[in-house]
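To find a chain, count down the sequence lines: A is the first, B the second, and so on, and within it residues start at 1.
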2 protein chains.
Amino acid sequence: MGIVKPAYPCMLTLAMDLVGGKWKMVILWQLRNGIFRFSELKRVLIGITQKMLTQQLRELEDAGIIIRTVYPVVPPKVEYSLAEEGKKLIPALDALCQWSTNYAASYGIAQSTCCSAQQEERSLTGV
Amino acid sequence: MGIVKPAYPCMLTLAMDLVGGKWKMVILWQLRNGIFRFSELKRVLIGITQKMLTQQLRELEDAGIIIRTVYPVVPPKVEYSLAEEGKKLIPALDALCQWSTNYAASYGIAQSTCCSAQQEERSLTGV
DNA sequence: CTCCATAGTTTCTTTTTTGTAACTATATAT
DNA sequence: ATATATAGTTACAAAAAAGAAACTATGGAG
């Protein structure tokens, strides 16, 4: 993943190359709530390692799906947000999320919170 | 993949467990066109190996996403089609597909055919 | 009696992805 | 002089996914 090939037989395979894997969609799903710093993402994406987070963020940035803004301060401050391509993807992720939520309900699979369209706001309201 | 866990922090990770990986979505995308035999799927999913195809089909069946119908004849005849959960997923895949098609257009990535909602029909029209 | 077609298995290998842990840089505060 | 916070890197190891190739079963055709 992260490496976009020159051609695809099915556009779904391109989608998987761009946002497949264990973390990318979850990152984007979080970013739909607004702007987040690296450390905030790390805190909220439970279980992700520093290496994975940087790696996935970098690939998403390279693909033009998210925007990375570096502030030249010390200690470092870097903010992440959805680029246009990323925003356009949210409805698809939403559909996927609703499908699996419904699936989980049918099959008695537990979920904790998240996914239900709003998290704890912030960033949106500008805290 | 293929192994559904008892709980998920984000439903998108459940979706990835259910239909992530290199082939599952592509298989489902094909099956949206109707009923296919094993050998037909193998022919149309260019590059997939026999092992991969059976494995992915079996996992999708176990998840209740597709239906596998075995005809007790020789040589064997097995047909695959979307189960209800699979049909419900198609709109999400469609959204994903449109997103990546649009993305590919913006970034000059080539596609061959597929994805554009109809393939060559058949099975639907009942050939 | 041998071959064919279909839908698989099985074993082994390679590749990809993910994870762990330690290390870096630097302005500011103490 | 030393510790602190943030956003990383790097080298290595483990695990998971994918692929290759050969093998299986069986009724009917020739």
Mind listing the residues from residues 71-82 of chain B sitting with a heavy atom below 4.0 Å of DNA chain C? Number order is fine. Pro75(B), Pro76(B), Lys77(B), Val78(B), Tyr80(B)

Base, sugar-phosphate or nothing for Gln55(B)? Non-hydrogen atoms, less than 4.0 Å. nothing

In whole angstroms, how far is the P atom of dT11(C) from the CD atom of Gln50(B)? 17 Å

Nearest-Å distance for atom pair CG/P, residues Leu57(B) and dG8(C): 8 Å

Rounded to the nearest angstrom, tell me the gap between atom NZ in Lys5(B) and atom C1' in dA16(D). 11 Å

When we call it a touch if two heavy atoms are under 4.0 Å apart, what does Ser39(A) touch: a base, just sugar-phosphate, or nothing? sugar-phosphate

Let me know the distance between CG of Leu41(A) and P of dG8(D), rounded to the nearest Å. 10 Å

What class does the angle between the rings of Tyr103(A) and Tyr107(A) fall in, given that below 30° is parallel, 30 to 60° is tilted and above 60° is perpendicular? parallel

Please report, rounded to the nearest Å, how far the C1' atom of dA7(D) is from the CD atom of Gln56(A). 16 Å

Identify the residue among Asp62(A), Asp17(A), Leu14(A) that makes a side chain to side chain contact (heavy atoms under 4.5 Å, CB included) with Val4(A). Leu14(A)

Between dT16(C) (P) and Met52(B) (CE): distance, integer Å: 13 Å

Main-chain N/O of Met52(A) paired to Thr49(A) side chain as donor or acceptor, under 3.5 Å: yes

Below the 4.0 Å mark, does dA7(C) have OP1 or OP2 next to a side-chain nitrogen or oxygen of Arg37(B)? yes

Do any side-chain nitrogens or oxygens of Lys22(B) fall under 4.0 Å of OP1 or OP2 in dT16(C)? no

State which residues pass side chain to side chain donor-acceptor pair (under 3.5 Å) with Arg68(B); sequence neighbours excluded, sorted by chain then number. Tyr80(B)

Got a sec, which residues hit side chain to side chain donor-acceptor pair (under 3.5 Å) with Glu85(B), two or more places apart in sequence or on another chain? none

Under-4.0 Å side-chain N/O to phosphate OP1/OP2 contact, Lys51(A) with dA22(C): no

Under 4.0 Å, counting only non-hydrogen atoms across every strand here, what does Thr49(B) touch: a base, just sugar-phosphate, or nothing? sugar-phosphate

For the side chain of Arg32(B) and the backbone of Trp29(B), is there at least one donor-acceptor N/O pair under 3.5 Å apart? yes

Distance test, side-chain N/O of Arg68(B) to OP1/OP2 of dG8(C), below 4.0 Å: yes

Within this structure, what is the CD1-CD1 distance for the pair Ile67(A) and Ile35(A), rounded to the nearest 0.5 Å? 9.0 Å

Whole-Å distance between dT18(C) C1' and Leu45(A) CG? 15 Å

Please state whether the phosphate of dG8(D), meaning OP1 or OP2, lies under 4.0 angstrom from any side-chain nitrogen or oxygen of Arg58(A). yes

d(CG, Leu53(A); C1', dT18(C)) in whole Å: 14 Å

